[in-house]
Amino acid sequence: MFALIDCNNFFVSCEKIFNPGLEGKPVVVLSNNDGCVISRSNEAKAIGIPMGIAIHKCKDLIALHNVRLFSANFQLYGDVSNRIMSILKDFCSEMEIYSIDEAFLNLKNMKINDLQKYGQEIHDRIYRWTGVPVSVGISPTKTLCKAANEYLKVTKASPGLRPPSPKGEGILIDKCMTLNTPEKADAALSALDVGDIWGIGRKYSEFLNRYGMYRAIDLKNADDRWVRTTMSVVGQRTVFELRGTPCIELDAYPEAKKMIISSRSFGRYVTTKEELKESVACYTARAATKLRSQGSVCGIISVAIMTNRHRANLKQYYGTTHCSIPTPTGYTPDLVKHAFKCLDEIYKPGYKYKKALVTLSSIVPEDSGKINMFEQDYAFEKNNKIMKAFDDINKAWGKEKIRIGAMGETQPWRAKREMVSPRYTTVWEEILVINN
DNA sequence: TCTGGGGTCCTAGGACCC
DNA sequence: TCTGGGGTCCTAGGACCC
């Protein structure tokens, strides 16, 4: 048996912890640049604000219902997430952190008499200790756990009936769903759209619909050979998992990232190379920090710059190139130099740039000894020490407290975050004040 | 005015190896 | 009459996830 714990409306729930006045109100958290909706309270779902919509498209709804808006506050969400994960670790040491708001537990070696009660306990403790409500799905496969969670979201109505709201708009009403028998699993799969299943996205959903499969149960009963040839081994695995045969193991120790991306849209258009350089330096530094934190170095860096693809009336341009680094490195100044070389190749004046993107790849462990034989790199040790100090300072004193000059001073191109809440749990100055 | 950011896996085809 | 067999690596494209 596996359990999947999924935080409900996670970012919004984090905002509510220190702001109980939000309870019962429509609340929305926005993406970078306060652009689109990435988390909604139940009340916001109920008045019909869709996931992912550009916020300016629902101005009227927001005004009409006095929807509370928040810029994304990932320092807060990340910290709350860590707290929840550590609570879960107490329940079961074999755990996979699947995303910022989800984790799988492997219940294989545990003696649990009443699974439903166990799930309920997980919910209760996390809610009591952090204020975040979670839902719990328990079943023999990870895909069925996902289905159990999905089922909790879509069924306020009696089992087997579709709720009135469209797919993914469901509102959670219960805490734990256990699909530990084929009968229970079938009942849930009969109530779910095929597209609700983990691993079935938009394309496969449309494809399956064309062959008359609309419900998850239809996919579960599909012909093996047909699935294998049309949906590859990935689809095949999904089908087996729906039947209760585990094919996807718990991944408790995820491997180092093979690719690290850092990109942001700008708060306003950028036209000069100088400002592009600042942003590219910033994104490179951010990616390099991540790279070092997993003990890796990278051999390829690529840079892309682009205009606003949503503006048909503007001249469009997407420029990208990459360069390989003879001696794989995690040293920020060197990476920035290479990034600038890329930028020199792709920059064209006369465009209004909206976004830049830096990717590190060919990632290998720092100690893999892949040293360039033509270059005696005496600086290697020294640079490592510098970066170590660099990272330690930023860890102790806050992000980008120490940074390289190329990142610029005022950074006027930075994204807007006009409605950000305090970082209640990670910055002393922003701790909640009860009474002044 | 205004539309996010960061990842993974699989397949097919070409180049190349012995 | 006749043209091997088996393999790796790389890239692009397509699908998916949160």
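Protein chains get the first letters and strands the later ones, always in sequence-line order, with residue 1 at the start of each. No hydrogens, no waters, no symmetry mates; every other heavy atom, side chains included, goes into these values.
Residues from residues 305-315 of chain A lying near DNA chain B, meaning a heavy-atom separation below 4.0 Å, are A:N308, A:H310, A:R311 in numerical order. A heavy-atom distance below 4.0 Å to DNA chain B is reached by these residues of residues 270-303 of chain A, ordered by number: A:K290. Shown for residues 244-265 of chain A: residues whose heavy atoms fall under 4.0 angstrom of DNA chain B, namely A:K257, A:K258, A:M259, A:I260, A:I261, A:S262, A:S263, A:R264, A:S265. Contacts between residues 52-80 of chain A and DNA chain B, defined by a heavy-atom separation under 4.0 Å, are made by A:A54, A:H56, A:K59.
Residues passing the ring-ring contact (aromatic ring centres under 6.0 Å, His included) test with A:W226, sequence neighbours excluded: A:F207, A:Y211. For A:F104, the ring-ring contact (aromatic ring centres under 6.0 Å, His included) partners are A:Y98, A:W198, not counting sequence neighbours. Legend: residues meeting ring-ring contact (aromatic ring centres under 6.0 Å, His included) with A:Y77, ordered by chain and number and at least two apart, are A:F11, A:F74.
A:E102 and A:K146 are joined by a salt bridge, as a carboxylate oxygen and a charged side-chain nitrogen come within less than 4.0 angstrom of each other. With respect to A:K25 and A:E43, no salt bridge is recorded, no charged nitrogen being found less than 4.0 Å from a carboxylate O. Residues A:R243 and A:D186 are not paired through a salt bridge, judged by the lack of any N-O separation under 4.0 Å between the basic side chain and the carboxylate. In this structure, A:E241 does not pair ionically with A:K142, as no charged nitrogen and carboxylate oxygen lie closer than 4.0 Å. Under 4.0 Å is where a charged nitrogen must lie from a carboxylate oxygen, and between A:K337 and A:D334 at least one such pair does.
Considering only heavy atoms from C-beta on, A:N33 comes within 4.5 Å of A:K416 through its side chain. Between A:P412 and A:R268 there is a side-chain heavy-atom pair separated by less than 4.5 Å. A 4.5 Å side-chain heavy-atom check between A:F10 and A:S39 finds every atom pair outside the cut-off. Counting only heavy atoms from C-beta outward, the side chains of A:Y118 and A:L107 approach each other to under 4.5 Å.
Residues in residues 301-337 of chain A take part in these ring pair (Phe, Tyr, Trp, His ring centres under 6.0 Å) pairs, two or more places apart or across chains: A:Y317-A:Y351.
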note = Its dot-bracket string being built from Watson-Crick and G-U pairs below 3.5 Å, with | for another strand and [ ] for crossing, DNA chain B has the pattern ....||||||||||||||
All N/O donor-acceptor pairs, side-chain side in residues 391-400 of chain A, below 3.5 Å, sequence neighbours left out:
residue	atom	partner	partner atom	Å
A:D391	OD1	A:R292	NH2	2.8
A:D391	OD2	A:R292	NE	2.8
A:D392	OD2	A:K388	NZ	2.8
A:N394	OD1	A:K401	N	2.9
A:N394	OD1	A:I402	N	2.8
A:N394	ND2	A:I402	O	3.1
A:E400	OE1	A:R414	NH2	2.9

Which donor-acceptor pairs under 3.5 Å do side chains of residues 83-91 of chain A form with protein atoms, sequence neighbours excluded?
residue	atom	partner	partner atom	Å
A:R83	NE	A:D79	OD2	2.9
A:R83	NH2	A:D79	OD2	3.1
A:S86	OG	A:R83	O	3.0
A:K89	NZ	A:S93	O	3.4

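Within 4.0 Å of A:I197, counting heavy atoms only, lie sugar-phosphate atoms of the nucleic acid but no base atom.
Protein chain A contacts DNA chain C from C:dA15 to C:dC18, reading 5' to 3' and using non-hydrogen atoms of the protein with a distance under 4.0 Å.
Summarising the local packing, CD of A:E206 is surrounded by more than 12 heavy atoms from other residues, nucleotides or ligands at distances under 6.0 Å. The environment of A:K184 atom NZ is dense: over 12 non-hydrogen atoms of other residues, nucleotides or ligands sit within 6.0 angstrom.
Taking the nucleotide of DNA chain B with the nearest heavy atom to each of A:L357 and A:R237, the more 5' of the two is matched to A:L357.
A distance-only check finds no donor-acceptor pair linking the side chain of A:D193 to the backbone of A:G195 [under 3.5 Å].
Taking atom P on both C:dC18 and B:dT3, the two are 25 Å apart, rounded to the nearest angstrom.
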